[in-house]
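As structure tokens, the structure follows; a few thoughts come after it.
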Amino acid sequence: MDDLLVVFWIVLLTSVLVSADICFERSGFFTPNDTYDLNRRLMLSSLPSNVTANDGFYTTSTGQDPNRTYGLGMCVPGTDARSCSDCIISSSARLLRNCTNQTEGIDWRMDRTLCLVRYSNRSYYGSLGMEILRSENYTRDVQANMTDLEITWEALMIGLIDQASSLSYAAGIRKLESSISHVYSVVQCSKDVSLENCTHCLQENVIEYRSCCRGRQGGIISRPSCFIRWEVYPFLDLFDNIAPEKDGKKISTGTIVAIVVVPVVLLALGYALWERREAFKAFTTDTGDDITTSGSLQFEFKAIEAATSNFHNTNKLGHGGFGEVYKV
Ligand SMILES: *[C@@H]1O[C@H](CO)[C@@H](O)[C@H](O)[C@H]1NC(C)=O
Ligand SMILES: *[C@@H]1O[C@H](CO)[C@@H](O)[C@H](O)[C@H]1NC(C)=O
Ligand SMILES: *[C@@H]1O[C@H](CO)[C@@H](O)[C@H](O)[C@H]1NC(C)=O
Ligand SMILES: *[C@@H]1O[C@H](CO)[C@@H](O)[C@H](O)[C@H]1NC(C)=O
Ligand SMILES: *[C@@H]1O[C@H](CO)[C@@H](O)[C@H](O)[C@H]1NC(C)=O
Ligand SMILES: *[C@@H]1O[C@H](CO)[C@@H](O)[C@H](O)[C@H]1NC(C)=O
Ligand SMILES: *[C@@H]1O[C@H](CO)[C@@H](O)[C@H](O)[C@H]1NC(C)=O
Ligand SMILES: *[C@@H]1O[C@H](CO)[C@@H](O)[C@H](O)[C@H]1NC(C)=O
Ligand SMILES: *[C@@H]1O[C@H](CO)[C@@H](O)[C@H](O)[C@H]1NC(C)=O
């Protein structure tokens with residue numbers, strides 16, 4: 001039963017910030033509606049179609065110096081055109097809404113997929129941006145074997161950074177030794193930086209993790225040139241197509257518990273939560289901005305979501321604003 005308890009403890013979420021947009025003041029300010037601003041708007045409006053038409057990565061500049069703006073748009077590999085375009089559109093809209101007069105802005109956004117939009121009046125392509133834009137961790141520690149979590153996390157990251165050293169991107173899943181839970185992670189570099197600089201940036205994120213977020217059940221660390229996120233639940237659709245990394249061991253008791261015991265407990269939990277289902281909907285509505293989750297109902301919802309996704313993708317009913325809704 002220990003494994004089972006761990007699963008439900010481990011997914012107690014407090015707050016999830018899914019977008020990291022930053023308006024830089026270091027490059028100065030423009031006057032709203034001036035030529036630079038119009039160039040910026042024109043450039044941002046052209047990004048969605050150009051990014052999707054160019055395999056998920058596009059850089060462009062609009063206007064003449066000194067009012068020229070340099071843009072960049074990117075979606076993680078494997079994103080369908082529609083999701084990519086939607087993500088770039090909402091990211092651009094956020095930047096326009098938030099960065100009213102800053103000459104430089106950047107947004108890594110999680111919106112069904114992961115995308116990046118960036119603009120500036122200087123050409124930044126190929127130069128490594130290492131400022132920490134945002135690092136987030138959950139206020140609650142994992143109620144599990146911490147050694148196990150750290151070993152699993154490090155092993156997963158080493159593998160992902162290695163893969164990213166040839167693709168600028170990797171996503172993976174790794175099972176905790178002492179529980180049936182998995183750690184899920186995506187690492188991505190802005191594709192304008194070299195693969196060497198990509199590796200360096202991601203390694204710095206791992207070092208940052210050790211100082212800011214060690215033992216936390218999930219988090220995001222983003223810089224202009226790279227992004228990592230990890231969770232104990234599958235936070236993007238793309239995990240559906242990824243098999244957990246093999247650790248070379250035979251089936252553990254944890255797996256047996258997972259197959260035999262968990263569905264039974266889920267049934268019981270499902271029954272208990274049945275009448276409260278309507279309440280879940282209110283908690284999972286996407287406001288279009290930062291998507292935050294809070295409240296004990298959400299904890300339980302997440303617990304169910306994470307647990308069911310380990311077993312039955314067929315239990316999927318549809319998508320809520322934040323994640324997926326499962327039949328329990
Ligand atoms: C960007 O704009 C700021 C503010 O107008 C200006 O001070 C700076 O020189 C510009 N940088 C470039 C590279 O044009
Ligand atoms: C910028 O122009 C638009 C459309 O012409 C206008 O609606 C808006 O009020 C202007 N904003 C500023 C700050 O002048
Ligand atoms: C740059 O923008 C300023 C203010 O909008 C404008 O006066 C100037 O003519 C523009 N320069 C060019 C080369 O477009
Ligand atoms: C980029 O988008 C603009 C406007 O949507 C379009 O006119 C232009 O042809 C596109 N360029 C490329 C290379 O796709
Ligand atoms: C961007 O705007 C949203 C609301 O639209 C706000 O919650 C968020 O804090 C803003 N972020 C920044 C960096 O200004
Ligand atoms: C930028 O805009 C903010 C409000 O949107 C304003 O308070 C600030 O003074 C502006 N800065 C400059 C340099 O225009
Ligand atoms: C890595 O980034 C640094 C800093 O932006 C840059 O000077 C260097 O040329 C980059 N290295 C490669 C191989 O692109
Ligand atoms: C925690 O996990 C590690 C690595 O899997 C294992 O060696 C250790 O015995 C576990 N400790 C406890 C208290 O379960
Ligand atoms: C992460 O959690 C630790 C432990 O509570 C806290 O001290 C630290 O400030 C947090 N870091 C960030 C970036 O939120």
Side-chain angles (χ1 to χ4, degrees), residues 17-76 79 81-111 113-136 168 188-194 197-198 201 220-227 287-291:
L17 204 57
V18 201
S19 188
D21 73 307
I22 296 289
C23 312
F24 282 115
E25 309 207 328
R26 63 182 182 199
S27 297
F29 300 89
F30 58 81
T31 308
N33 281 357
D34 72 3
T35 310
Y36 180 78
D37 192 14
L38 299 184
N39 287 336
R40 181 181 74 133
R41 289 171 190 277
L42 190 61
M43 185 279 293
L44 289 175
S45 70
S46 79
L47 275 185
S49 60
N50 283 314
V51 171
T52 52
N54 287 277
D55 211 17
F57 178 66
Y58 188 72
T59 58
T60 184
S61 76
T62 302
Q64 301 301 315
D65 289 330
N67 302 319
R68 187 197 299 253
T69 186
Y70 296 85
L72 180 155
M74 185 181 78
C75 294
V76 294
T79 307
R82 178 65 190 273
S83 302
C84 177
S85 172
D86 286 351
C87 190
I88 299 279
I89 288 170
S90 46
S91 188
S92 300
R94 260 184 85 94
L95 285 171
L96 290 175
R97 200 164 57 237
N98 275 13
C99 307
T100 50
N101 59 7
Q102 293 86 351
T103 311
E104 192 169 347
I106 183 165
D107 186 32
W108 282 101
R109 187 177 176 88
M110 282 272 172
D111 186 357
T113 185
L114 172 63
C115 69
L116 168 67
V117 172
R118 189 172 179 186
Y119 73 86
S120 175
N121 70 339
R122 65 186 176 88
S123 172
Y124 49 85
Y125 309 133
S127 71
L128 193 56
M130 291 295 284
E131 309 87 346
I132 292 181
L133 300 177
R134 187 155 281 175
S135 74
E136 293 290 331
S168 292
Q188 170 80 62
C189 292
S190 179
K191 277 195 180 162
D192 61 304
V193 301
S194 66
N197 275 347
C198 172
C201 189
I220 295 172
I221 302 172
S222 63
R223 307 175 193 256
S225 292
C226 69
F227 176 100
T287 60
D289 286 310
D290 288 340
I291 302 160

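All values below come from the heavy atoms of this structure, side chains included, with hydrogens, waters and symmetry mates left out.
- When side chains are defined from C-beta on, Leu116 counts as touching Ile106, because their heavy atoms get closer than 4.5 Å.
- Within a 6.0 Å sphere centred on CZ of Arg122, heavy atoms belonging to other residues, nucleotides or ligands number more than 12.
- Ser225 approaches Val193 most closely through the heavy-atom pair OG-CG1, 3.5 Å.
- The line from CG of Asn54 to OG of Ser49 is 9.0 Å long, rounded to the nearest 0.5 Å.
- Residues Gln188 and Trp108 have side chains in contact (heavy-atom distance under 4.5 Å, counting atoms from C-beta outward).
- With 2.5 angstrom as the limit on SG-SG distance, Cys84 and Cys115 do not come in below it.
- Taking a 6.0 Å sphere around CG of Asn101, one finds it holds more than 12 heavy atoms contributed by other residues, nucleotides or ligands.
- The shortest non-hydrogen separation linking Arg109 to Cys87 is O-SG, 3.7 Å.
- Within the 4.5 Å cutoff, side-chain heavy atoms of Leu96 are placed close to those of Leu44.
- Looking only at side-chain heavy atoms (C-beta outward), Asp192 and Phe57 come within less than 4.5 Å of each other.
- To the nearest 0.5 Å, atom OH of residue Tyr124 and atom CZ of residue Arg118 are 5.5 Å apart.
- The closest side-chain donor-acceptor pair between Asp107 and Ser91 falls under 3.5 angstrom.
- The aromatic rings of Tyr125 and Tyr70 sit perpendicular to each other, their planes meeting at more than 60°, with 30° as the lower class boundary.
- Looking at heavy atoms from C-beta onward, Ile88 lies in side-chain contact with Ser92 at the 4.5 angstrom threshold.
- In this structure, Arg26 satisfies the cation-pi test against Phe24, with its NZ or CZ atom closer than 6.0 Å to the six-membered ring centre and inside 45 degrees of the ring normal.
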(message) For a side-chain contact (heavy atoms from CB on, under 4.5 Å) check, start with the C-alpha distance between Met74 and Val51, then their side-chain angles and the critical distance, and finish with the verdict.
(response) CA-CA 6 Å; Met74 185 181 78; Val51 171; 5.7 Å; no
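- Note: Thr113 OG1 to Met110 CE = 8.0 Å, rounded to the nearest 0.5 Å.
- In summary, the side chains of Ser61 and Arg68 do present a donor paired with an acceptor at a separation below 3.5 Å, with no hydrogens or angles considered.
- Within the 4.5 Å cutoff, no side-chain heavy atoms of Leu72 are placed close to those of Val117.
- Of all non-hydrogen atoms in Arg97 and Thr100, the two that sit nearest each other are O-CG2, 3.6 Å.
- The SG atoms of Cys201 and Cys189 do not sit under 2.5 Å apart.
- If you take CZ on Arg223 and CD1 on Ile132, they are separated by 4.0 Å, rounding to the nearest 0.5 Å.
- With sequence neighbours left out, Thr103 forms a side-chain hydrogen bond (donor to acceptor under 3.5 Å, both in side chains) with no residue at all.
- Salt bridge absent: Glu104 and Arg40 never bring a charged side-chain N and a carboxylate O closer than 4.0 Å.
- Within the 4.5 Å cutoff, the side chain of Ile89 has heavy atoms near those of the Ser85 side chain.
- Residue Leu47 holds its CG atom at 10.0 Å from CG of Leu95, rounded to the nearest 0.5 Å.
- In this structure the side chain of Leu38 never reaches within 4.5 angstrom of the side chain of Tyr36, judged on heavy atoms.
- Phe30 and Cys99 get closest at one heavy-atom pair: CZ-O, 4.3 Å.
- A donor-acceptor pair under 3.5 Å is formed between the side chain of Asn39 and the backbone N or O of Asn67.
- Atom CZ of Arg41 and atom OG1 of Thr62 lie 13.5 Å apart (nearest 0.5 Å).
- Between the side chain of Ser194 and the backbone N or O of Asn197 there is at least one donor-acceptor pair closer than 3.5 Å.
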